[in-house]
Amino acid sequence: MTRIRRMNAAEVERILSRYGFECVSQKGSHRKWRNLERQLQVTVPYHKGRNVPIGTLRNIMINANIPETEWKSE
């Protein structure tokens, strides 16, 4: 069984940008990322120096339709 890899917001955003997502807005510490081609949108909490909580990370990656190989460790 593979586990979800711990990541900070910057790492999550790098993965999103590789899959065609663009940052469209920010309100406080939350950034909204959108992929117009695939009609998908996710919100990433940006708290510098802290990892994104596992449940939040899982939700972001599933809603963004990112393959598990990108966000799970081996």
Side-chain angles (χ1 to χ4, degrees):
M1 183 171 122
T2 57
R3 297 177 61 121
I4 296 176
R5 179 166 56 104
R6 303 292 292 170
M7 286 188 245
N8 61 31
E11 292 171 301
V12 173
E13 290 178 344
R14 272 195 296 276
I15 292 171
L16 288 172
S17 64
R18 275 201 311 260
Y19 282 87
F21 283 80
E22 293 180 5
C23 185
V24 293
S25 69
Q26 178 173 349
K27 187 170 186 177
S29 61
H30 291 77
R31 294 180 180 173
K32 197 178 291 184
W33 287 75
R34 193 173 290 155
N35 184 322
L36 292 175
E37 221 175 81
R38 300 185 333 188
Q39 297 292 305
L40 298 171
Q41 177 178 298
V42 293
T43 303
V44 178
Y46 198 89
H47 303 288
K48 198 168 189 134
R50 291 176 38 196
N51 286 334
V52 176
I54 293 292
T56 304
L57 177 61
R58 185 174 186 280
N59 193 327
I60 290 168
M61 294 302 178
I62 288 172
N63 288 331
N65 203 21
I66 306 281
E68 286 187 9
T69 55
E70 289 283 352
W71 51 279
K72 287 197 172 182
S73 59
E74 297 183 35

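These figures come from a predicted structure and were not determined experimentally. Each residue takes its place number in the sequence, starting with 1.
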### Query
Is it the case that more than 12 heavy atoms not belonging to Q26 sit under 6.0 Å from its CD atom?
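Result for CD/Q26: enclosed.
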### Query
Is W71 reaching over with its side chain to a backbone N or O of I66, donor-acceptor style, under 3.5 angstrom?
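Yes; at least one donor-acceptor contact below 3.5 Å.
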For residues 36-55, please give each side-chain donor-acceptor pair under 3.5 Å, one per line with the distance, not counting sequence neighbours.
from, atom 1, to, atom 2, distance (Å)
R38, NH2, A64, O, 2.6
Q39, NE2, L36, O, 2.8
Q41, OE1, R34, NE, 2.8
Q41, OE1, R34, NH2, 2.6

Side-chain atoms of residues 12-20: list all donor-acceptor pairs with protein atoms under 3.5 Å, sequence neighbours left out, distances to 0.1 Å.
from, atom 1, to, atom 2, distance (Å)
E13, OE1, R31, NH1, 3.0
E13, OE2, R31, NH1, 3.4
E13, OE2, W33, NE1, 3.3
S17, OG, E13, O, 3.3
S17, OG, R14, O, 2.9
R18, NH2, E70, OE1, 2.6
Y19, OH, E70, OE2, 3.0

